[in-house]
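Comments concern the structure below.
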Amino acid sequence: MKELFKQYLDKGISRRSLTKGLTAAGLTAGAAKTIAQSLAPPAAAQTAAAAPAQIREMKGTGGALFTQQLKAAGVEFIFFNPSTSDSPIFDSLVDESGIQLIKGVQEGAVVAMADGYARASGKLGVVVVASVGLPNAVAQMVNSYKDQIPILVAASSVSQESVGREQMQEYEGIERVTQPMTKWHWMASATTTIAETTRRAVKFATTAPAAPVYLSFPENLLRTEATAQIFDKSLFNVSMKVRPDKLDIEAAARMIIEAKNPLLSIGDEVFQNDAGKEILELAELLGLPVAGQGGSLGFWTKPFPSKHPLYIGPLLRQMRFPGAVDVHLNIGSKHGEQHMPGAKQISMRRDPTSLARGAPVELGMVTDIQLGTRDLIDAVKALATPARLKEIAAERLARTAEFTSKQRKLLDRVIKETPYDGDITMERLGIELEASLERDTIYVNDVDSGKRMDAFMSWGPDDKTYIGTGPNILGWGMAGAFGVKLAKPDRPVVGVVGDGSFLFSGPQPLWSISRYQSPVTIIVLNNRSYNNERNRIWMSGGTQFQAGRDMTCYLGSPDVDYAKTSQAFGVDAEIVKDPRKIQEAVSRAKKANAEGRPYLLDFNLARNGIGAASAWHPAYSVASKRKRMV
Amino acid sequence: MRKLVLIAAATAALSTVAFAQSPPQLPPGEGRDIVAVACSQCHTTNIINIMRKSAAGWREHVYDMFDRGAQVSDTEVDVVVDYLAANFGPGVNVPKFEVAALPDGAGKDLVQQRCGTACHDLTRVVVPRHGRKDWDRVVARMIQVGAPLTADEGKTIAAYLQEKFGEK
Ligand SMILES: Cc1ncc(C[n+]2csc(CCOP(=O)(O)OP(=O)(O)O)c2C)c(N)n1
Ligand SMILES: [Mg+2]
């Protein structure tokens with residue numbers, strides 16, 4: 001009985017196991033429960049403050065060592081799809097209430113759920129999938145890799161003694177499958193080292209630049225028992241936040257104070273380091289025009305208030321405004337360094353690997369974006385009097401506001417001139433969503449031409465939050481939205497996908513959305529086309545454009561009913577065709593969400609751009625080729 | 001059958017006469033400088049050169065680009081649209097397209113004179129096979145962006161194309 005108490009107090013077993021053990025040892029169920037309760041540890045917050053960080057020894061299967069070390073690392077969810085050989089991992093969770101299993105029914109969706117969770121929470125997303133399904137996971141790992149999202153992917157592989165025998169499902173060098181999209185991968189060689197290697201994986205994945213890591217566990221090692229140490233997260237996942245050099249920061253401060261025509265461009269690292277407020281403060285302190293991220297690729301957040309008079313839109317080549325820049329300060333954008341003749345480039349980056357990688361950089365700093373921006377603000381304030389700063393900021397703001405107010409006027413005009421008749425256009429939908437979505441909505445998107453709606457909607461730290469993927473490896477969106485909602489259950493979450501994007505993941509993410517009662521709204525931009533793809537292809541004026549033959553992009557045959565597909569998974573849904581009925585439909589979705597139910601809106605949209613009107617596609621009928629009618 | 005072969009041969013030849021081959025040039029005029037800078041920040045101006053649209057068509061296009069981040073303001077947008085319509089409008093500065101032989105029928109002349117002269121050659125008209133609704137939509141769209149046709153002429157053309165170049 002003593003041993004039971006010790007195990008329980010060491011968190012080696014759950015309260016349920018303790019109670020079970022006590023009753024097995026002869027106590028009545030009631031007595032066992034009372035004892036278990038009296039032994040219950042104090043509230044987690046109190047122990048964290050009081051107790052020193054701990055190392056505990058535990059004996060368990062490789063599977064249990066893995067999950068207990070994950071739990072000690074603060075992992076709350078494991079996103080998974082099971083196989084026979086990784087069952088020791090799941091066996092170890094039968095009595096473990098600290099880790100919730102989240103099942104996805106295709107490995108790409110499993111990774112995208114973990115990735116969405118990691119993007120929204122800043123925490124590690126943990127994935128366990130079957131080795132045979134690992135290649136399914138890999139495409140979505142590219143999104144995580146390119147955007148530096150921390151995920152740990154694990155799979156069990158064939159038992160060590162069988163390696164090389166070409167077993168039925170063995171393929172040699174399984175870990176190498178993940179090599180191009182992981183920072184680190186490892187194949188376990190002994191059960192005793194599983195906990196230690198799990199710690200290393202957590203640390204590697206979460207240290208900036210964050211990335212996916214991969215762990216391969218030979219089946220026998222997961223089953224075998226061993227004794228190993230479990231470390232509390234504070235003992236290995238130590239802060240890796242870096243501050244820039246003081247002299248560099250002073251130099252940068254001087255340059256942006258003295259500049260005649262400065263420009264600040266910002267990127268995803270601002271979101272990742274939660275530095276939105278600091279960036280706003282810096283921009284306002286010095287009246288810096290702020291260029292964000294845009295286009296169809298290469299960014300996944302919009303961390304600056306898009307309606308702010310200092311916000312001038314995406315960073316382009318040779319910006320008409322502000323014109324010839326003399327100091328260009330890039331903070332946290334992978335694609336923000338640009339060769340601007342005559343301009344000095346300062347770049348503050350969390351990721352050293354892409355700092356000064358292409359364009360010339362006069363002053364480069366590796367830094368946590370929040371801390372570095374705070375230091376820069378302080379340095380600016382130390383170098384100039386408040387009165388002088390006010391004067392500088394006022395003059396610069398006036399110039400920028402003149403430009404942005406004109407842009408705003410044109411936007412208002414476009415909104416006014418956007419028709420209500422005919423099919424729903426992307427513009428109309430953007431306008432109506434802006435009017436109907438809650439201001440604190442997290443807008444999770446996996447779209448291509450759907451990005452045209454961004455201009456009609458507002459974003460920023462105190463506004464809607466924008467979360468997408470930089471490389472646009474499609475099929476991420478619905479699962480991504482599920483992961484985001486898991487991380488932020490108290491925020492409205494809308495997942496927006498193109499019809500093309502929907503079909504890349506298939507409806508599988510709806511299975512998890514339904515199973516776990518995740519009250520998200522999924523919006524399908526159903527234009528029956530790879531619309532933007534066709535525009536890009538036809539723009540070059542090639543043969544398809546000349547012949548008016550869209551050889552590749554038309555999707556409308558068969559005409560997929562996404563609402564019905566959704567209903568098949570138990571997710572209520574409707575088709576929306578009338579531009580005047582968009583807001584009503586969104587209200588129904590919001591109501592369903594408020595009641596705890598997911599909802600899907602299949603918006604039938606007009607295609608736009610070159611060749612948009614045509615539904616022509618190369619026809620082919622297998623049925624008509626038959627000589628035997630079978 | 002012979003007729004179809006004839007068309008196919010003619011269209012194959014026609015597809016070599018295209019805007020893509022001509023160098024992208026922006027003729028002088030008010031608005032040229034805005035277009036030259038604002039439109040080339042993300043793509044080459046060849047895309048402008050290969051299209052012909054009315055002011056309404058170009059306005060739609062310019063608004064689309066603005067939505068995506070093009071730096072044009074409310075005071076400039078009309079100048080830009082006027083410039084594009086004047087220099088890249090239907091019938092402006094187009095190569096002389098050969099007139100393809102088409103099957104006889106009501107609407108044949110209209111198609112030859114209006115659909116294969118002002119903006120593009122007849123390749124893109126006679127090669128793709130469209131269903132009935134699709135031809136209606138395509139012709140309506142062409143009128144919307146600048147095809148020099150009245151609504152009635154559009155109907156005649158759509159009916160002709162449905163009959164002669166409809167889905168088989
Ligand atoms: C997994 C994956 N495969 C292929 C592509 C290439 N691709 C880019 S956009 C696109 C079509 C997107 O279609 P849809 O989601 O319907 O967008 P829209 O019609 O709104 O442009 C494709 C296939 C991709 N980005 N990701
Ligand atoms: Mg589409």
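Counting only distance, with no hydrogens or angles, the side chain of B/Asp134 and the backbone of A/Ala615 share a donor-acceptor pair below 3.5 Å. Using a distance-only test at 3.5 Å, with no hydrogens or angles considered, a donor-acceptor pair links the side chain of B/Gln71 to the main chain of A/Phe321. Here the side chain of A/Arg320 pairs no donor or acceptor atom with the backbone of B/Ala38 at under 3.5 angstrom. Side chain of B/Arg141 to backbone of A/Ala613: no donor-acceptor contact under 3.5 angstrom is found.
Put simply, the side chain of A/Gln407 does not reach to within 4.5 Å of the side chain of B/Asp74, judged on heavy atoms.
Nearest heavy atoms, B/His130 versus A/Ser614: CE1-OG, 2.9 Å. Among all heavy-atom pairs drawn from A/Val414 and B/Asp67, the shortest one is CG1-OD1, 4.0 Å. Between B/Gly69 and A/Pro314, the closest heavy-atom pair is CA-CG, 3.9 Å. A pairwise comparison of heavy atoms in B/Arg59 and A/Arg413 identifies NH1-NH2, 3.1 Å as the closest pair. Considering every non-hydrogen atom in both A/Asn608 and B/Arg68, the closest pair reads ND2-NH2, 4.4 Å.
In this structure, no portion of A/Met426 lies under 4.5 Å from any heavy atom of chain B. Neither the backbone nor the side chain of A/Asp550 comes within contact range of chain B; no heavy atom of the residue lies under 4.5 Å from a heavy atom of that chain. Only the side chain of B/Asp78 comes within contact range of chain A, with heavy atoms under 4.5 Å apart. Using a 4.5 Å cut-off between heavy atoms, B/His61 does not touch chain A at all. Of the atoms belonging to A/Lys451, not a single heavy atom falls under 4.5 Å from chain B. Interface residue B/Val138: backbone and side-chain heavy atoms are both found under 4.5 Å from chain A.
Using a 3.5 Å distance cut-off with no hydrogens or angles, the side chains of B/Tyr63 and A/Glu417 do pair a donor with an acceptor.
In this structure, A/Glu533 places its CD atom where more than 12 heavy-atom neighbours from other residues, nucleotides or ligands lie under 6.0 Å away. B/Lys108 NZ: more than 12 foreign heavy atoms inside a 6.0 Å radius. A 6.0 Å sphere centred on CD of B/Gln144 holds more than 12 heavy atoms belonging to other residues, nucleotides or ligands.
The line from NZ of B/Lys53 to CD1 of A/Ile610 is 7.0 Å long, rounded to the nearest 0.5 Å. Once rounded to the nearest 0.5 Å, the distance linking OG of A/Ser540 with CG of B/Asn46 reads 8.5 Å. Distance check, rounded to the nearest 0.5 Å: CD of A/Gln546 to NE2 of B/His120 gives 12.0 Å. For the atom pair CZ (A/Arg536) and CD1 (B/Ile47), the distance works out to 12.5 Å, reported to the nearest 0.5 Å. If you take NZ on A/Lys406 and OG1 on B/Thr75, they are separated by 4.5 Å, rounding to the nearest 0.5 Å.
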Let's go through A/Lys409 and B/Ser73 carefully: what are the C-alpha distance in whole Å and the side-chain angles of both, what is the deciding distance for side-chain contact (heavy atoms from CB on, under 4.5 Å) to 0.1 Å, and is it a yes or a no?
CA-CA 8 Å; A/Lys409 271 192 202 144; B/Ser73 71; over 6 Å; no
